[in-house]
Amino acid sequence: MDHLIEIRDMYKIYAIGDEPVHALDGVSLSIDEGEFVAIMGSSGSGKSTMLNILGCLDVPTKGSYLLDGTQVAERSSSELAHIRNRKLGFVFQNFNLLPRTTAIENVELPDLYMGRLSARERHKRAKMLLERVGLKGREYHTPSQLSGGQQQRVAIARALMNNPPVLFADEPTGNLDTKSSVEIMNLFTELSNEGITIVMVTHEDDIAAYAKRHIVMRDGKVMRDDLQDGGVRKTQAEVSKLVKEALA
Amino acid sequence: MNFAMIFKVALRAIMRNKTRSVLTCIGIIVGIAAVIAVMAIGQGAQTMMVKQISSMGNNLVMVFPERRRAGSVSSGRGQGQTMTAADAMAVKTELAHLVQGVSPSVRATVQMMYASKNWSSNIQGVSPDVLLISNWSMGEGRFFTEEETELYSRVCVIGTTVKANLFGDDEDPVGKIIRLNNMTFTIVGVLNSKGANNWGQDQDDVIMAPYTSVQRYLQRSKFDNINMMNISLHTMDDLEDAKREITALLRQRHNLADYQDDDFEMRDTTEIMNTIGSVSGLMTVLLTAVAAISLLVGGIGIMNIMLVSVTERIKEIGLRMAIGATPTNILAQFLLEAVVLSTIGGAFGVALGVGGAHFIGWWKGWPILIQMHSTFGAFFFSSFVGMFFGFYPAYRASKLHPIDCLRYE
């Protein structure tokens with residue numbers, strides 16, 4: 001079976017001063033449909049660079065990237081925009097909702113660029129998604145009228161708008177309190193159970209514990225990938241042990 | 001994403017920042033309003049001048065005798081002694097294929113008296129052709145005839161100003177006898193009013209009599225000299241031919257040898273119109289240029305605001321790109337925002353300019369002329385200004401990398 005995401009010998013090299021910095025140093029990995037992956041590591045380990053490249057927001061210096069069977073490296077910026085629009089959903093640490101714009105309009109946005117639905121269908125789907133993330137009755141609230149947890153729910157609904165096969169989350173609970181974090185992670189778990197592939201970057205062990213597969217990175221290299229014991233949720237303690245071993 | 005959607009997005013961005021949008025628009029509003037008002041006033045003035053110059057005469061060519069020189073002192077135009085009424089009659093009869101009317105003109109200052117009232121003005125000695133040449137029409141009575149001209153009749157017609165000063169509103173001047181420098185003349189008609197000319201001179205302060213009578217009784221001259229002749233051509237298309245033939249005829253009549261200069265000068269209304277037109281046209285161009293500069297400044301204001309807006313909304317740009325906006329989408333969004341801003345500014349500017357021009361016209365009593373094409377031109381130009389000055393900021397926004405935008409602090 002083909003992998004949903006497959007990268008080979010991927011490098012991302014920044015020329016800072018005389019010394020080139022390898023943010024990604026020959027990474028190869030694959031992710032299958034339905035997986036819930038946490039990419040972990042301390043800051044500067046290359047985990048965010050990895051997520052940006054997987055999310056087609058950034059391009060690798062070299063290496064191949066197959067997304068859903070198509071080669072993504074060396075695409076034009078407008079082709080990448082189309083790929084992001086149709087195949088990927090994003091959830092950011094700081095939510096990135098359009099200010100002074102209602103929740104439902106924020107959720108509708110991806111389809112405006114895709115133009116798949118009629119205005120009425122778009123509205124209906126956005127409403128349905130907001131209900132699904134538990135925001136029924138708050139469709140016409142603007143971000144400033146919503147709590148952080150609620151804003152992140154809007155962002156998740158928006159990420160789901162175009163029904164993408166993959167959801168990328170960059171520290172999705174980084175700006176949230178513990179209670180909201182738990183709620184958001186439970187939502188991710190539900191989505192994962194429904195078959196959506198989720199790739200999440202986090203440095204918090206308790207958040208990573210919600211994922212079923214853990215990739216630990218350091219200095220642009222994958223130190224540990226627990227694919228072999230995959231499919232089984234680990235406790236926070238197990239995740240902490242795994243990370244400690246990987247970086248030892 | 002279709003045009004309507006992008007339009008909606010641009011409109012929402014404008015509405016989100018009302019104060020800033022209004023301030024940005026003001027630059028364009030002022031610029032467009034200034035252009036329209038200045039052009040309306042300029043073109044109004046020009047049209048009025050053209051109208052007034054054409055009221056001087058129909059396809060008019062004026063011929064003056066040469067300026068007389070005594071040593072190095074030049075006398076005024078029309079004071080030379082070289083042109084006669086016979087010259088005028090010759091032009092009329094021999095060049096009938098080119099001219100539709102010729103009137104000699106002699107002038108004298110007269111003191112007019114009727115009953116206890118008196119009035120001083122210049123009397124013009126003319127022939128009946130002057131009616132046609134100078135676009136006069138009769139209000140009351142009639143003009144004097146060719147026969148009366150030939151018979152040195154002491155008849156005259158007066159303008160409304162003279163009528164008002166000698167007769168008041170109630171009395172009918174036709175048939176009344178007035179004294180001109182102690183000579184009695186009978187009024188046969190009153191001219192319709194023409195109003196003031198370009199130079200503010202009252203054209204109705206006029207009295208006309210046959211040139212023969214003016215020469216004999218008022219100038220007390222034994223000679224046939226005239227101050228000028230007014231010639232009306234059939235059509236202005238013949239102007240060059242007419243000038244050449246009139247010159248040839250007058251030179252022949254004055255027995256001028258080839259080496260001698262003309263002893264007369266010729267002027268036509270196109271010359272005057274061109275001069276005045278070029279002066280007022282220059283003024284209009286200058287003022288429009290000043291107004292256009294304010295439009296340029298308004299355009300730079302739009303560019304400035306759009307650049308600020310791009311920087312300010314860089315996260316929004318990043319987010320839009322992340323969820324699938326192509327560079328073209330982003331370009332279109334910001335470009336359209338600039339165009340919508342400037343077009344709204346243009347619409348208000350047109351309204352303000354038209355209103356302002358009418359107000360100034362009403363306040364100062366100036367004629368104004370608002371031309372459809374210049375109004376539409378200014379309006380579309382405002383959209384163009386938005387497009388021109390909005391392009392660079394929009395292009396810059398479209399070239400941003402999504403990841404740089406999202407990371408921007």
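The sequence lines fix the lettering, A, B, ..., with proteins before strands; numbering per chain opens at 1.
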Check your understanding: When rounded to the nearest 0.5 angstrom, what distance separates CG in A:D58 from CZ in B:R407?
Key -> 6.5 Å

Check your understanding: Got a sec: does the CD of A:Q71 have more than 12 other heavy atoms crowding it under 6.0 Å?
Key -> yes

Revision key, fill the gap. CG (B:L406) and CG (A:D170) are apart, to the nearest 0.5 Å, by 9.5 Å

Practice item. Would you name the heavy atoms of B:M321 and A:R84 that are closest together and state the gap between them? Key: O-NE, 2.8 Å

Review point. For A:R158, is it the side chain, the backbone, both or neither that has a heavy atom under 4.5 Å from a heavy atom of chain B?
Key: side chain

Review point. In terms of heavy-atom contacts, does CZ of A:F92 have more than 12 from other residues, nucleotides or ligands at under 6.0 Å?
Key: yes

Exercise for review: Decide if atom CZ of B:F376 counts as having more than 12 heavy atoms of other residues, nucleotides or ligands within a radius under 6.0 Å.
Suggested key: no

Practice item. Tell me, for B:R313 versus chain A, whether the close heavy atoms (under 4.5 Å) come from the side chain, the backbone, both or neither. Key: neither

Revision key, fill the gap. Under 4.5 Å to a heavy atom of chain B? For A:N94 that would be side chain

Check your understanding: Does the side-chain contact (heavy atoms from CB on, under 4.5 Å) test come out yes or no for B:R320 and A:L98, once each step is laid out?
Key -> CA-CA 9 Å; B:R320 285 180 183 277; A:L98 292 187; 3.2 Å; yes

Point to revise | Flag if over 12 foreign heavy atoms under 6.0 Å of CZ, A:R8 | key: no

Practice item. Identify the two heavy atoms, one from B:P327 and one from A:S77, that lie closest to each other, and give their separation to 0.1 Å. Key: CG-OG, 3.5 Å

Practice item. Start with the C-alpha distance between B:K8 and A:L112, add both sets of side-chain angles, then the distance that settles side-chain contact (heavy atoms from CB on, under 4.5 Å), and finish with yes or no. Key: CA-CA 11 Å; B:K8 229 174 105 182; A:L112 288 185; over 6 Å; no

Check your understanding: For the atom pair CZ (A:F90) and CD1 (B:I323), what is the distance rounded to the nearest 0.5 Å?
Key -> 10.0 Å

Check your understanding: Any idea which heavy atoms bring B:P402 and A:L57 closest together, and the distance?
Key -> CG-O, 3.7 Å

Study note, to complete from the structure: Max heavy-atom pairs within cutoff under 4.5 Å with chain B, candidates A:P164, A:A159, A:S76, A:P110, goes to A:P110

Check your understanding: Counting heavy atoms not belonging to B:F388, are there more than 12 under 6.0 Å from its CZ?
Key -> no

Point to revise | Top contributor to chain B interface from A:P99, A:S48, A:A119, A:G55 [non-hydrogen pairs under 4.5 Å] | key: A:P99

Practice item. Give the member of A:H82, A:M161, A:E105 that has the highest number of heavy-atom pairs under 4.5 Å with chain B. Key: A:E105

Review point. Is the OH atom of B:Y392 crowded by more than 12 outside heavy atoms at less than 6.0 Å?
Key: no

Check your understanding: From A:N96 CG over to B:K315 NZ, what is the distance, rounded to the nearest 0.5 angstrom?
Key -> 6.0 Å

Practice item. Pick whichever of B:E316, B:H401, B:R12 has the most heavy-atom pairs under 4.5 Å with chain A. Key: B:R12

Check your understanding: Side chain, backbone, both or neither: which part of B:I403 has a heavy atom under 4.5 Å from chain A?
Key -> both

Check your understanding: Looking only at heavy atoms, what is the nearest atom pair of A:Y113 and B:G324, with distance?
Key -> CB-O, 3.9 Å

